Protein chains: 2
Amino acid sequence: MESTVEPRLEWTSDIFPEDHTYLTFLKKVFRHEFRKNGFRRISTPLIEETSLLRKIYPENNNQYGLYHFQTKNDTDVTLLPAASVGIMRAYLENEKFEWLQPVYYYYMERAFRQNRIRKEFYTFGWEVIGESDPVIDAQNIYMIYTALQKIGLWEDIKIKINSFGNAKEIEKYTDELQSFFENKKQVMSEETAENFKNNVFAPFHSKDEDDLILAASAPSIIKFLKKDNKKYYADFKTYLDDLSIPYIEDHTLFFPEDFYTHAIWKFEDSSWEELASGWRYDLLARSLGSPKDYGAAGFSIDSMRIIEMLKEKAITIKNKDHIDLYFVQLGDEAKRVVFPLSLQAREKWINTLTSLGTPSIKEQMLKAQRIGSQYVVLVWVMEARNGIFQVRNIPAWTQEEVKKEELIDYIIGKIWKDSLNFYEPSKDLVQWEIKKDETES
Amino acid sequence: MESTVEPRLEWTSDIFPEDHTYLTFLKKVFRHEFRKNGFRRISTPLIEETSLLRKIYPENNNQYGLYHFQTKNDTDVTLLPAASVGIMRAYLENEKFEWLQPVYYYYMERAFRQNRIRKEFYTFGWEVIGESDPVIDAQNIYMIYTALQKIGLWEDIKIKINSFGNAKEIEKYTDELQSFFENKKQVMSEETAENFKNNVFAPFHSKDEDDLILAASAPSIIKFLKKDNKKYYADFKTYLDDLSIPYIEDHTLFFPEDFYTHAIWKFEDSSWEELASGWRYDLLARSLGSPKDYGAAGFSIDSMRIIEMLKEKAITIKNKDHIDLYFVQLGDEAKRVVFPLSLQAREKWINTLTSLGTPSIKEQMLKAQRIGSQYVVLVWVMEARNGIFQVRNIPAWTQEEVKKEELIDYIIGKIWKDSLNFYEPSKDLVQWEIKKDETES
């Protein structure tokens with residue numbers, strides 16, 4: 001009989017444990033970087049009201065690829081295409097945080113865009129809200145740059161930078177681009193010429209080689225920058241130079257949303273695929289409806305692309321998912337002995353597995369070996385009754401006889417100390433005493 | 001001017017850093033428990049094809065509260081209401097895992113249901129696929145039971161258990177319930193009487209007191225169990241007794257989906273709110289279209305409810321988000337000294353913050369104190385030039401003069417060793433050498 005199970009949607013991913021090891025590692029690396037920079041984690045909903053999103057992703061433009069739909073109460077809602085929008089919304093909605101400006105938030109979330117190859121994707125990033133200075137943009141780049149170095153990825157990565165100017169400057173520049181490209185539509189690819197009708201930046205976003213040659217010949221926004229932004233952009237580059245960070249100035253680097261300002265940048269791998277991008281968006285708060293402006297900058301890292309790069313370099317990750325002890329058992333009597341023993345082993349933080357269903361001894365032994373358990377204990381009816389077990393050290397091909405009541409100490413003595421999965425949650429708990437009059441008030 | 005920012009949807013949650021501390025803690029607690037039980041983490045997409053979901057959540061029944069919608073390619077897709085469906089789909093789609101049966105997966109994900117108060121929610125859980133034995137169901141309960149004990153939550157928690165029988169038994173039992181309730185519709189609440197038309201279990205799911213009295217008088221499924229399932233249920237209870245786990249047999253405990261079999265159970269807090277639930281669903285694989293049956297059991301924990309309980313008990317969590325060093329600076333010259341110094345401090349794993357924008361000294365000092373930084377260094381033009389800093393120990397109300405080049409060692413010497421946010425990613429990396437002939441093959 002054939003399986004009729006619908007496969008996953010091809011634009012989504014399953015992350016099986018083998019790959020989750022990479023994701024867990026990346027989270028750990030970036031969590032440490034984020035934390036030592038003073039950032040704290042925030043999670044906002046993956047769904048927001050569509051009317052919020054429409055303020056910055058206009059409906060007449062489908063280049064953003066939003067997923068939106070109606071709930072059963074006829075609210076139109078949207079799956080977040082980027083975490084920054086939700087974080088800014090949360091910040092603006094909770095004025096209590098204003099006195100702590102600037103705020104430093106980081107996130108590790110999924111996001112959704114219909115116009116990407118991986119339409120459901122994993123993104124890490126941080127946001128600085130309440131400060132506007134080019135040193136912050138340089139710091140953002142520095143953080144990713146050093147983190148990628150630490151995990152062995154650096155060769156062939158390119159950092160591209162550009163300026164988004166301010167609202168007035170980008171408007172003038174857009175006019176300039178319009179007239180520059182207007183009489184060159186015949187040399188554009190068909191798709192780009194079509195996109196150009198709604199978007200003067202279309203040649204910049206194209207993958208077509210001729211379009212890119214055309215784009216390269218277009219004027220740069222830099223000469224449209226007035227005094228303040230000229231200085232901002234120059235300082236941004238000075239900070240990068242001070243930090244010895246290599247970068248390429250690319251006047252074709254733009255993002256489709258129009259709430260960006262000043263510095264924008266992108267990390268690309270050797271095949272020009274985007275790894276991370278960053279922005280200043282001092283206009284975002286006001287675009288969403290805030291009466292006040294807030295300086296804001298952030299970035300987002302495509303964690304799945306980084307995982308692919310680690311794999312391409314044949315890098316694997318050490319992990320704590322090893323099994324130290326495996327009980328192979330046969331028969332109800334053996335199971336009744338083995339089950340509480342496996343619970344006791346786990347209480348002592350030994351990673352322990354037992355076959356609890358009723359597969360054959362052969363299947364159980366195969367499984368124990370395939371998952372790489374260091375020790376295997378075989379318990380049949382006789383062992384269950386006399387309490388003396390044969391303990392096999394699989395990698396060493398040795399076997400010893402151990403008494404039931406000495407088994408756990410025996411294993412602890414044999415495996416490496418740092419192999420124990422030790423953690424005592426109560427150490428992290430602070431139980432504040434509630435005085436009687438406090439509960440009554 | 002008024003803010004016109006749309007607030008978050010009321011059925012979603014923002015998790016600000018203060019609350020994220022709890023979520024991070026819970027993830028750590030359960031990750032350790034999951035790991036020592038031999039489970040490994042999996043993430044499947046939050047979106048699956050609606051036709052997959054419809055096989056187990058029929059369209060004519062809106063008690064599941066699925067969010068589904070069309071993509072721009074007219075594919076009907078659904079946000080996952082529970083992680084287990086996606087995990088089983090992934091398992092069935094990737095036959096390579098069959099030889100490793102049983103598989104042990106855990107997950108920590110968001111899920112979505114329109115018919116809950118918190119319609120977007122956070123859920124942790126695990127799945128055992130490929131084994132069917134009551135000892136596994138007992139082990140699932142034991143894991144949650146001990147984990148909740150370890151984090152100080154146990155009093156007032158109730159564990160309810162019941163059997164779902166098998167397909168034949170539940171069919172007979174449904175007929176029995178139908179005739180039992182049929183002539184009692186007039187004593188049901190209006191809503192329950194309405195729901196009863198499509199669902200004979202409606203009185204069991206009601207919150208109305210009279211409905212619950214009626215439900216309590218209904219027959220139990222237990223007497224409809226045939227020999228095998230009678231034994232399964234009895235063994236399940238025996239294992240729980242052996243583990244000294246207190247439980248209540250509740251014949252009104254049922255879940256709306258009909259792919260469950262054998263043991264089902266639920267953890268409730270003292271106000272009868274659900275904390276966690278668990279099931280065996282040996283019918284799920286076949287319901288989804290698999291030609292083969294797979295024994296399967298799992299559970300899901302409502303992490304937000306556990307966080308609420310910790311807060312109600314005035315329990316707070318120690319965390320690593322402390323700031324050890326804060327640079328207060330004024331003027332471009334000071335900033336150019338302070339910025340690289342803060343990067344160096346972080347390279348030594350000191351959690352460090354600097355005001356990089358241009359707030360006043362007063363604002364910066366206020367912020368340093370409010371975030372609780374242990375050390376604050378003040379750098380004006382003079383300090384920047386002569387390289388001698390005043391270092392304040394905020395909690396101790398003391399101040400010392402430290403030379404710029406000695407600052408980082410000074411701080412490391414002062415703060416607790418375990419306060420350093422130390423982590424060396426390269427230790428976790430294994431770079432396998434790729435031989436020339438491997439890359440060429």
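Not measured: the values here are computed from a predicted model. Proteins come first, then strands; the chains are lettered A, B, ... in the order of their sequence lines, and each starts at number 1.
When each of A:Tyr122, A:Phe39, A:Tyr67, A:Tyr106 is scored by its heavy-atom pairs under 4.5 Å with chain B, the top score falls to A:Tyr67. Between chain B and the residues A:Leu52, A:Asp242, A:Thr238, A:Ile350, the largest count of heavy-atom pairs under 4.5 Å involves A:Leu52. Of all the listed residues (A:Leu243, A:Asp324, A:Leu310), the one sharing the greatest number of non-hydrogen pairs under 4.5 Å with chain B is A:Leu243. Comparing B:Ser373, B:Gly289, B:Ala285 by how many heavy-atom pairs each has under 4.5 Å with chain A, the most go to B:Gly289. Between chain A and the options B:Leu288, B:Leu23, B:Val135, heavy-atom pairs under 4.5 Å are most frequent for B:Val135. The greatest number of non-hydrogen atom pairs below 4.5 Å with chain A, out of B:Ser13, B:Ser132, B:Ser290, B:Ser426, is found for B:Ser13. Put simply, of A:Arg35, A:His68, A:Lys150, the one with the most heavy-atom pairs under 4.5 Å next to chain B is A:Arg35. Of the residues considered (A:Arg336, A:Gln139, A:Glu48, A:Arg286), A:Gln139 shows the highest number of contacts with chain B, using heavy-atom pairs under 4.5 Å. Contact count against chain A (heavy-atom pairs under 4.5 Å) is highest for B:Leu343 among B:Ile323, B:Asn319, B:Leu343.
Contact annotation for B:Val77: only side-chain heavy atoms (C-beta onward) come within less than 4.5 Å of a heavy atom of chain A. With a threshold of 4.5 angstrom between heavy atoms, B:Tyr326 does not approach chain A through any atom at all. Using a 4.5 Å cut-off between heavy atoms, A:Ile317 touches chain B through backbone and side chain atoms alike. Of the two parts of B:Arg41, the backbone and the side chain both hold a non-hydrogen atom closer than 4.5 Å to a non-hydrogen atom of chain A. Contacts of B:Ile151 with chain A are made by both backbone and side-chain atoms, with heavy-atom separations under 4.5 Å. For A:Thr21, the part lying under 4.5 angstrom from a heavy atom of chain B is the side chain only. B:Lys55 touches chain A through its side chain: at least one heavy atom from C-beta onward sits under 4.5 Å away, while N, CA, C and O do not. Only the side chain of A:Glu109 comes within less than 4.5 Å of a heavy atom in chain B; its backbone stays farther off. Contacts of B:Leu79 with chain A are made by side-chain atoms alone, with heavy-atom separations under 4.5 Å and no backbone atom involved. Residue A:Ile87 does not touch chain B at all, counting heavy-atom pairs closer than 4.5 Å. Of the atoms belonging to A:Phe112, it is side-chain heavy atoms, and not backbone ones, that fall under 4.5 Å from chain B.
The aromatic rings of A:Phe69 and B:Phe69 sit parallel, their planes meeting at an angle under 30°, below the 60° perpendicular limit. Aromatic ring orientation, B:Tyr239 versus A:Phe339: perpendicular (interplanar angle above 60°, classes split at 30° and 60°).
Rounded to the nearest 0.5 Å, atoms OG1 (A:Thr75) and CD (B:Glu10) are 9.0 Å apart. Rounding to the nearest 0.5 Å places CD1 of A:Ile315 at 12.5 Å from CG of B:Asp428. The line from CD1 of A:Ile47 to OG1 of B:Thr12 is 8.0 Å long, rounded to the nearest 0.5 Å. Atoms OG and NE2, from A:Ser43 and B:His20 in turn, are 3.0 Å apart once rounded to the nearest 0.5 Å. Remark: A:Thr44 OG1 to B:Phe16 CZ distance equals 9.0 Å, nearest 0.5 Å. Note that NZ of B:Lys36 is 4.5 Å distant from CD of A:Glu347, once rounded to the nearest 0.5 Å.
With hydrogens and angles ignored, the 3.5 Å screen pairs no side-chain donor or acceptor of A:Gln114 with any backbone N or O of B:Thr71. Listed for the B:Glu120 side chain is a donor-acceptor partner under 3.5 Å among the backbone atoms of A:Leu46. Formation of a donor-acceptor pair under 3.5 Å by the A:Lys72 side chain with backbone atoms of B:Gly65 is not found in this model. Listed for the A:Glu131 side chain is a donor-acceptor partner under 3.5 Å among the backbone atoms of B:Leu356. Side chain of B:Lys318 to backbone of A:Lys427: a donor-acceptor contact under 3.5 angstrom is found. B:Lys367 places a side-chain N or O within donor-acceptor distance of the main-chain N or O of A:Pro102, the cut-off being under 3.5 Å.
Looking only at side-chain heavy atoms (C-beta outward), B:Ser3 and A:Glu93 stay at 4.5 Å or farther from each other. Proximity of B:Tyr423 to A:Glu33: side-chain heavy atoms (C-beta onward) are nowhere separated by under 4.5 Å. The side-chain heavy atoms of A:Glu2 and B:Pro291, taken from C-beta on, include no pair separated by under 4.5 Å.
For the pair B:Asp133 and A:Lys335, the salt-bridge criterion is met [side-chain N within less than 4.0 Å of a carboxylate O]. A salt bridge links A:Arg40 with B:Asp321: the distance from a Lys NZ or Arg NE/NH1/NH2 to an Asp or Glu carboxylate oxygen falls below 4.0 Å. Between A:Glu6 and B:Arg54 there is no salt bridge, since no side-chain nitrogen of the basic residue lies less than 4.0 Å from a carboxylate oxygen of the acidic one. Classification of B:Arg89 and A:Asp14 as a salt-bridged pair holds, one side-chain N sitting under 4.0 Å from a carboxylate O.
Nearest heavy-atom pair across B:Phe422 and A:His32 is O-NE2, 3.8 Å. Considering all non-hydrogen atoms of both residues, B:Pro425 and A:Phe25 come closest at O-CE1, 3.7 Å. When all heavy atoms of B:Thr354 and A:Tyr104 are compared, the pair lying nearest together is O-OH, 3.6 Å.
A donor-acceptor contact under 3.5 angstrom links the side chains of A:Asn37 and B:Arg346, judged on distance only.
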